[in-house]
Amino acid sequence: MSNYAEIREKFEKSGQGHVFKYWGGLTDSQKSRLLSQLEEVDLEEIAHLNETLLFANKTESQVDFSRLEPAPYVKYSENKEADPVWQKAKSVGEEAIRAGKLAAFVVAGGQGTRLGYDAPKGTLPISPVKHKPFFQIFAEKIRCAQEKYGVEIPFMVMTSIINHTQICDFFKSNAYFGLNPEKVVFFKQGFIPSVDKFGKIILSDKGEIALAPNGHGGCLRAMVRSGAIAKLKELGVEYISYFQVDNPLVNIIDPYFLGFHILGNSEMSSKMIPKAYPLEKVGHFCIYNGKLCVIEYSDLPASYQEMRDENGGLKFVAGSVAIHILNVDFVEAKGADDSDCKLPFHVAFKKVPFLDQGGNVVKPEKPNGYKYEMFVFDALESAKNPLVLEGLRCDEFSAVKNKEGIDSPATCKRDQRRQFAEWLEAAGVSLERDSEKTPVYDIEISPLFASNKADFVEKWNALEKKPEIRDGLYIE
Ligand code: UTP
């Protein structure tokens, strides 16, 4: 523990010396664990964030809402096959996929506190019949595209200190769900200590500080620092299909989206879906100071979320569903340590386990600590030609955030069943649905059979013997 004196002095000097309060009673291994945690802490960054976000009680970027305008977007085409603009995008996208220029990327480093599942969220069983975990669904979607385009598609998985080992082990023990292990790249995002209302680092145990992953925006730095970007460049990848771990409906390899991104000469593009209701908890695509940005629901006053345009529709209708395409070169530049346009941090008030005066660990019932996070969509502001493409909710998005109620496993399974029913109906199969348009059966279509409606219809029609529609039907 040669570095003890030096680290202690640094922490004392920056007003964080309390992290050594229980030092004398720690075992040697606890001491070296604590020191290795502290060594990684950027005290200057914490001091800056405390000053600018916590004490000043604001986000790093202040917005004058009255100057916000809704973002323009490429409208969804109901008839893509007959629309020359969409067809052109598709062929450009497909050409890039076939040439091995696209990688898939899931951000899975989050804590999933609202769900409260005691394993990484990506391992939660979520498909309606076979109970496949998120990670398996994603891997199978990638395998389906690999087969279709005759190319290996690298899959990057961002983890964090809280779940890295569990996620790597999960893939390993499931034989990478059929993917080539050499093309599955795991890397850890950075973390940052949580602080109390005085900006003091919270101790989560006598020899441990409360560490949290630094937000999904931490992926830019992490991709560069971990060497993931270098690996993608080595493989000839130019574009990254970014999505989050809790949305099994995501169309990971979408040639239309990639084609629009390439044709638009964009460095970062986003999918949007119209909000389901005014106060839906999603980010809003807006234009501010002439730039595309996303304003989180929690930062946008309700009056703006509910605002109507001259036609009576929602003015800020474009909801962000955390699906993007990023250029590898753009990530490399933005994520560099010396980048001159780093992502801003935001502060969130959350429940953080802490030590009480008597040194006992307390799991709080109410928020008590502040977490600093970066958001990936803040990168849009410095991207050249950022583009927003409209997608269909039923084909793109149903996220699992909560244990019960809205955005829960139950609503997500329902949405998967609705999507599968839609595809079957498009192929001419009639299905019984209840008054809420949910099929009365538990049905599931494997991504290994098809992972979009058009491919499903084609394959279904080619089947010589079609399976009988019944409860528990699984099509593979
Ligand atoms: P959320 O913002 O929904 O956070 O993440 P969460 O951690 O899943 O859940 P709560 O808020 O604690 O309940 C959206 C996506 O971003 C990833 C998550 O894994 C999820 O895919 N994420 C979030 C990260 O990869 N790192 C982070 O630091 C935060």
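In what follows, every heavy atom counts, from backbone to side chain, and hydrogens, waters and symmetry copies are set aside. Remember, it's 1-based here, ligands and their atoms both numbered in the order they're listed.
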Inset, instruction - Considering only non-hydrogen protein atoms, determine which one is nearest to atom 24 (C) of ligand 1 and report residue, atom name and distance to 0.1 Å. - result: Gly110 N, 3.2 Å
Legend entry - Residue, atom name and distance, where the atom is the protein heavy atom closest to atom 15 (C) of ligand 1: Gln244 OE1, 3.4 Å
Legend entry - Residue list, side chain to side chain donor-acceptor pair (under 3.5 Å) with Ser382, at least two apart or on another chain: Lys334
Inset, instruction - Compute the shortest N/O to N/O distance between Met158 and ligand 1 and return yes if it is under 3.5 Å, no if not. - result: no
Legend entry - Atoms in ligand 1 flagged as close to Val245, the criterion being non-hydrogen separation under 4.0 Å: 19 (O), 21 (O)
Inset, instruction - Could you check which of Asn402, Thr113, Asp246, Thr159 puts a non-hydrogen atom nearest to atom 10 (P) of ligand 1? - result: Thr113
Legend entry - Side chain, backbone, both or neither: Pro213 near ligand 1, heavy atoms under 4.0 Å: both
Legend entry - Whether Tyr372 and Phe345 hold their rings parallel, tilted or perpendicular, with breakpoints at 30° and 60°: perpendicular
Inset, instruction - Would you please determine whether Gly215 falls within less than 4.0 Å of ligand 1 on a heavy-atom basis? - result: yes
Inset, instruction - Identify the protein heavy atom lying closest to atom 26 (N) of ligand 1, giving its residue, its atom name and the separation to 0.1 Å. - result: Gln189 OE1, 2.6 Å
Legend entry - Atom pair CD1 (Ile161) and CD (Gln37), whose distance is rounded to the nearest 0.5 Å: 7.0 Å
Legend entry - For ligand 1, the portion of Lys351 having any non-hydrogen atom under 4.0 Å away: neither
Inset, instruction - Identify, with sequence neighbours excluded, every residue that meets side chain to side chain donor-acceptor pair (under 3.5 Å) alongside Glu208. - result: Arg33
Inset, instruction - Name the closest protein heavy atom to atom 8 (O) of ligand 1, giving the residue it belongs to and the distance to 0.1 Å. - result: Lys121 NZ, 3.3 Å
Legend entry - Cationic N near anionic O, under 4.0 Å, Asp329 to Lys233: yes
Legend entry - Polar proximity ligand 1 side, Leu115 side, N/O cut 3.5 Å exclusive: no
Legend entry - Nearest-option assignment for atom 1 (P) of ligand 1, heavy atoms, candidates Gln111, Arg114, Lys350, His216: Arg114
Inset, instruction - Evaluate side-chain contact (heavy atoms from CB on, under 4.5 Å) for Leu389 paired with Lys75, printing each intermediate quantity in order. - result: CA-CA 7 Å; Leu389 178 68; Lys75 275 205 161 302; over 6 Å; no
Inset, instruction - Report yes or no: is the cationic atom of Lys130 (NZ for Lys, CZ for Arg) under 6.0 Å from the centre of the six-membered ring of Tyr474, at an angle within 45° of the ring normal? - result: yes
Inset, instruction - Report yes if some heavy atom in the side chain of Phe171 is under 4.5 Å from a heavy atom in the side chain of Phe155; otherwise report no. - result: yes
Legend entry - Nearest-0.5 Å distance, CD of residue Gln189 to CE of residue Met158: 3.5 Å
Inset, instruction - Give yes if a backbone or side-chain nitrogen or oxygen of Glu373 is under 3.5 Å from a nitrogen or oxygen of ligand 1, and no if not. - result: no
Legend entry - Gly112 heavy atom under 4.0 Å from ligand 1: yes
Legend entry - Protein heavy-atom partner closest to atom 17 (C) of ligand 1 - residue, atom, separation in Å: Val107 O, 3.7 Å
Legend entry - For atom 25 (O) of ligand 1, the protein heavy atom that lies nearest, with its residue and separation: Gly109 N, 2.8 Å
Legend entry - Aromatic ring pairing His216/Phe375, orientation class (parallel under 30°, perpendicular over 60°, tilted between): tilted
Legend entry - Lys401-ligand 1 polar pair, N/O distance under 3.5 Å: yes
Legend entry - Per-atom contacts, ligand 1 versus Ala108 - under 4.0 Å to a heavy atom: 19 (O), 25 (O)
Legend entry - Cation-pi, Phe257 ring and Lys271 (6.0 angstrom, 45 degrees): yes
